[in-house]
There are 2 protein chains.
Amino acid sequence: MDVRTVCLGILTIGEATGYEIKKMIEEGAFNLCVEASFGSIYPALSKLTDEGFVACRQETQDGRPDRKVYSLTDEGRDLFKELLVQPPGEDKHKSDFMFVSLFSALLPPGHMADLIDQRIDWLKREKEMINDVIEETDQKGAQFVQGYSQALFETAIRYLEDNRKLFEAGSEPAARNGVSREHGMAAS
Amino acid sequence: MDVRTVCLGILTIGEATGYEIKKMIEEGAFNLCVEASFGSIYPALSKLTDEGFVACRQETQDGRPDRKVYSLTDEGRDLFKELLVQPPGEDKHKSDFMFVSLFSALLPPGHMADLIDQRIDWLKREKEMINDVIEETDQKGAQFVQGYSQALFETAIRYLEDNRKLFEAGSEPAARNGVSREHGMAAS
DNA sequence: CCCAACATGTAAACGGTTACATGATTAC
DNA sequence: GTAATCATGTAACCGTTTACATGTTGGG
């Protein structure tokens, strides 16, 4: 999902500045779908303004920098509805953790258990964050997404907690008999 | 996880051609961690060869195009081990489906239920694919990843099957008289 | 005193995809 | 006959990140 579409989507909820949109993406429900930095958000908003899909109102604040408050135009709303019904792309789950796990045999003893611990902590934090952000909404879609993500986080946390022991120091292979464990890799 | 590292990782399992690496990424367990196309795999392998981290043996076949079989050098194995213990990046879950779901209120009636059906089918296919690919391994890491992904797929499928009804034609707003319909989705 | 939060913006660099070029073989 | 599989490679393009530039206010 490109930054352009995400900006339109966020603006259907209400007007916002580029800065606020960034926060919503990195701390909010949108965190589950996309990521974006200022370097992509600001140009996207400028372009959408040029094209007439969003309107921009400049606000002068004292003590604070000026802000540009963007809002959706009718054309923008129409465009977003069109984009929404396009067949969505496949989910892309990119997990360094999973990749490293596949090669746990090459890691120093205890490393994998540490990684799992860190991951459990991260998952718990992330789960709470999503929960907090969405709880105040009463929209069906948001409720659905929240339930979905909470279910997945719970499963992930439970699985890691249950299987951590596989990688604890005690259960390490212990290739005691002179066989060079460098070779033992032989898949299958 | 960059293509470079993924290539090194795959080559720790055994030698392979660029073509085979591509297949492993899109049909195998690596599908859960990364994606990559020829346009990134071939240059990565060339560069790794130049740098001495992989070796390349050219094989002439008759009837078939020549193939370049890559294998890991000692330096390559060392490099990979170093890369593996670097702190892994955060998981990135990019889901167009989730994004669209957040805006289900803007979709035509029935569209959301269709999307969910398609998604359930996709999840089931994907789950089976991962299951088939990894089942023949006896490596701890692969087993762990397989169990993890199977648990997540099951949870996702169950959630979607259980909550599909929220978006069925019958439960569509039908906001004839401005009455709000706030029945409890309560994902508690 | 410095850092975080607020606020916008640009240019260069990067990693990757898409499309193209080439070409034999096998299966439908 | 035509599509898929095998097999490699390059160049153009694209979206995004990173780093930089600028400036104020408030809290630790």
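Reminder, nothing fancy here: chain letters follow the sequence lines and each chain counts from 1.
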Asks: Closer than 4.0 angstrom, basic N to acidic O: yes or no for A:Lys94 and B:Glu90?
Replies: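 So A:Lys94 does not pair with B:Glu90 through a salt bridge.
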
Asks: Write down the distance between CD (B:Gln58) and P (D:dT8), rounded to a whole number of angstrom.
Replies: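 Rounded to the whole Å, the gap is 9 Å.
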
Asks: So if I take residues 6-26 of chain A and measure heavy-atom distances to DNA chain C, which residues fall below 4.0 Å?
Replies: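 Within residues 6-26 of chain A, the residues near DNA chain C are A:Thr17, A:Gly18, A:Tyr19, A:Lys23.
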
Asks: Please check if the side chain of B:Thr155 supplies one atom and the backbone of B:Ala151 the other of a donor-acceptor pair under 3.5 Å.
Replies: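 Pair found, side chain donor or acceptor close to backbone of B:Ala151.
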
Asks: Between B:Lys22 and B:Glu20, is there a side-chain N and carboxylate O pair less than 4.0 Å apart?
Replies: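 No, no charged N to carboxylate O under 4.0 Å.
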
Asks: Crowded around B:Asp74 CG? As in, over 12 foreign heavy atoms under 6.0 Å?
Replies: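 Counting other residues, nucleotides and ligands, CG of B:Asp74 stays at 12 neighbours or fewer.
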
Asks: Between A:Asp2 and A:Arg64, which residue's closest nucleotide on DNA chain D lies nearer the 5′ terminus?
Replies: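 Counting from the 5' end, the first nearest nucleotide belongs to A:Asp2.
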
Asks: To the nearest Å, give me how far apart CG (A:Asp66) and P (D:dT22) are.
Replies: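 Nearest whole value for this atom pair: 18 Å.
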
Asks: Could you verify whether a donor N or O on one side chain and an acceptor N or O on the other, from B:Glu126 and B:Asn31, lie under 3.5 Å apart?
Replies: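 Yes, side-chain donor-acceptor contact under 3.5 Å.
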
Asks: Please, which pairs that meet ring-ring contact (aromatic ring centres under 6.0 Å, His included) have at least one residue in residues 52-92 of chain A, sequence neighbours excluded?
Replies: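 As it turns out, the ring-ring contact (aromatic ring centres under 6.0 Å, His included) pairs with a partner in residues 52-92 of chain A, which skip direct neighbours, are A:Phe80-B:Phe103.
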
Asks: Taking atom types as modelled, find out whether A:Asp66 and A:Gln61 have a side-chain donor-acceptor pair closer than 3.5 angstrom.
Replies: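 No, no side-chain donor-acceptor contact under 3.5 Å.
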
Asks: For a quick test of reading the model: is some side-chain N or O of B:Gln61 closer than 4.0 Å to OP1 or OP2 of D:dC6?
Replies: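 False: B:Gln61 side-chain N/O out of range (4.0 Å or more) of D:dC6 OP1/OP2.
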
Asks: Rounded to whole Å, please give me the gap between CZ in A:Arg57 and P in C:dA7.
Replies: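 So the CZ-P distance, A:Arg57 to C:dA7, works out to 13 Å.
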
Asks: What residues in residues 34-53 of chain A put a non-hydrogen atom under 4.0 Å from any atom of DNA chain D?
Replies: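 Listed by number, they are A:Glu35, A:Ala36, A:Ser37, A:Gly39, A:Ser40.
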
Asks: Using a strict threshold of under 4.0 Å (side-chain N to carboxylate O), is an ion pair present between B:Glu154 and B:Lys124?
Replies: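 Looking at B:Lys124 and B:Glu154, the cut-off is not met.
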
